[in-house]
Novice: 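Got a structure for you, written out below as structure tokens; questions coming shortly.
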Amino acid sequence: MGVAFAYLAALVGTAGYGIGSVLQAKSAGLGGGLLVLGRPAYLAGIACDLVAWVASLVALSRLSLFTVQALLAGSVAVAALLGWAALGVRLRSRDLVAVAVVVVALGGVSVAFESSPAAPPPAWFTPAVLVLLVLVCAAVVAWYRGAGPTVMALLAGVAFTGAAVCARAVGELPMQVLASRPDAWAVAGYGIAGSVAYARALEHGRVGPVTALTWVVEVVLGGLLGVAALGDAARPGLGWLAALAICGAVIGCVVLSTRAPEEAPEVVLSPRS
């Protein structure tokens, strides 16, 4: 598979996650606990997420975690623009600037990082991701009713990071090999835990802060794990561009997430049940 196709897959994932976030926010903002998972709008959002997730797996087979996660984080800008169009969320001047910064930063990330399959993970990798999966699932179950949207968004970010790291590790291995890899099966477990945590965060929080916080965790934590365990690296002499672009993408996401409560539509600002 070519690098250009991997970048195209990442951009499909960006659009899918942005659209899915808005659809899920519109449904989750009505409240109802786990019942939200059965609503048509939420299911449509899940379908968008699934398409985006498959696209991200394709991208991760050739691109570094920093590259893919940063590109996918651009869904925050997509969600901001769609939130304005579909949910009536007003865009400030700083939001438009932040969207531009995110776009430029994502281009910088794409240029700065090497494009190649992941290196074989170290011996500690598989036990570590399995232990983390158990801890994440236990935390989601234990804190589902009592924790606020910030905690659940952080858990969602960690869970989705685990899925991305495992997907990057298995790469383009043949199916018969994947079936015997625990880290390949862990992708599904992390994905389910992340989806449940993200749904709960959206139920009691606003789409901007929840989505931004989730992606910030994925970009920073996922990228660092890719460098530490899977051989991801910036191109020679472009480490400064990588760092600058990642900071720009994160700052842009944070700016897009900051919005006064009265500026957001009621459907996103549901009361805590």
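All values below come from the heavy atoms of this structure, side chains included, with hydrogens, waters and symmetry mates left out.
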Novice: Could you go through the side-chain contact (heavy atoms from CB on, under 4.5 Å) check for V102 and L106 one step at a time?
Specialist: CA-CA 6 Å; V102 168; L106 297 185; 3.9 Å; yes
Novice: Checking side-chain contact (heavy atoms from CB on, under 4.5 Å) for the pair F66/D232: CA distance, chi angles, key distance, verdict?
Specialist: CA-CA 8 Å; F66 262 131; D232 292 346; over 6 Å; no
Novice: Kindly give the cluster partners of V97, where membership spreads through any ILVMFWY side chain lying under 4.5 Å from a current member.
Specialist: V101
Novice: Could you give me the CA-CA distance, side-chain angles and deciding distance for S195 and D49, then say whether side-chain contact (heavy atoms from CB on, under 4.5 Å) is met?
Specialist: CA-CA 10 Å; S195 296; D49 283 350; over 6 Å; no
Novice: Which atom pair, heavy atoms only, marks the closest approach of A242 to F113?
Specialist: CB-CE1, 3.5 Å
Novice: Specify the closest pair of heavy atoms between G18 and V78, including all atoms of both residues, with the distance to one decimal.
Specialist: CA-CG1, 3.8 Å
Novice: What's the spacing between Y17 OH and T214 OG1 if we round to 0.5 Å?
Specialist: 11.5 Å
Novice: State, to 0.1 Å, how close A156 and G194 come at their nearest heavy-atom pair, and which atoms those are.
Specialist: CB-O, 3.7 Å
Novice: Would you name the heavy atoms of L65 and G226 that are closest together and state the gap between them?
Specialist: CD1-CA, 3.5 Å
Novice: Minimum heavy-atom separation for G13 to A52, with atom names?
Specialist: O-CB, 3.4 Å
Novice: Heavy-atom count around W124 CH2 within 6.0 Å, excluding the residue itself: above 12?
Specialist: yes
Novice: Does V68 share a hydrophobic cluster with V12, counting links as ILVMFWY side-chain heavy atoms below 4.5 Å and allowing steps through other members?
Specialist: no
Novice: Out of curiosity, does L154 fall in the hydrophobic cluster containing M152 (side-chain heavy atoms, cut-off under 4.5 Å, transitive links)?
Specialist: yes
Novice: Applying the 4.5 Å side-chain criterion to the ILVMFWY set and letting contacts propagate, would V109 and L238 be lumped into a single cluster?
Specialist: no
Novice: If you take all heavy atoms of L60 and A167, which pair is closest and at what distance?
Specialist: CD1-CB, 3.9 Å
Novice: Do L244 and V99 belong to the same hydrophobic cluster, where Ile, Leu, Val, Met, Phe, Trp and Tyr are linked whenever their side-chain heavy atoms lie under 4.5 Å apart, directly or via other members?
Specialist: no
Novice: Do any N or O atoms from the side chain of R62 and from the backbone of V3 form a donor-acceptor pair under 3.5 angstrom?
Specialist: no
Novice: If we ignore hydrogens and angles and just use 3.5 Å, is the side chain of Y7 paired with the main-chain N or O of S110 as donor and acceptor?
Specialist: yes
Novice: To the nearest 0.5 Å, what is the distance between CG (L81) and CG (L96)?
Specialist: 8.0 Å
Novice: Enter the distance from L43:CG to C48:SG here, rounded to the nearest 0.5 Å.
Specialist: 11.5 Å
Novice: Could you give the distance from SG (C166) to CG (L130), rounded to the nearest 0.5 Å?
Specialist: 7.5 Å
Novice: Find the distance between CD1 (I246) and CD1 (I251) and round it off to the nearest 0.5 Å.
Specialist: 12.0 Å
Novice: Parallel, tilted or perpendicular: which describes the rings of F160 and Y198, with under 30° parallel and over 60° perpendicular?
Specialist: perpendicular
Novice: Going from OG1 on T161 to CZ on R168, what distance comes out if it is rounded to the nearest 0.5 angstrom?
Specialist: 14.5 Å
Novice: Here's a test for you: under side-chain contact (heavy atoms from CB on, under 4.5 Å), which of L155, L135, I192 qualifies with V140?
Specialist: L155
Novice: Backbone N or O of R92 within a donor-acceptor pair of the D95 side chain at under 3.5 Å?
Specialist: yes
Novice: In terms of hydrophobic clusters joined by side-chain contacts under 4.5 Å, are L241 and L71 together?
Specialist: no
Novice: Is there a donor-acceptor pair closer than 3.5 Å between any side-chain N or O of Y144 and the backbone N or O of V196?
Specialist: no
Novice: Just by modelled atom types, is the L133 backbone N or O under 3.5 Å from a matching donor or acceptor in the Y190 side chain?
Specialist: yes
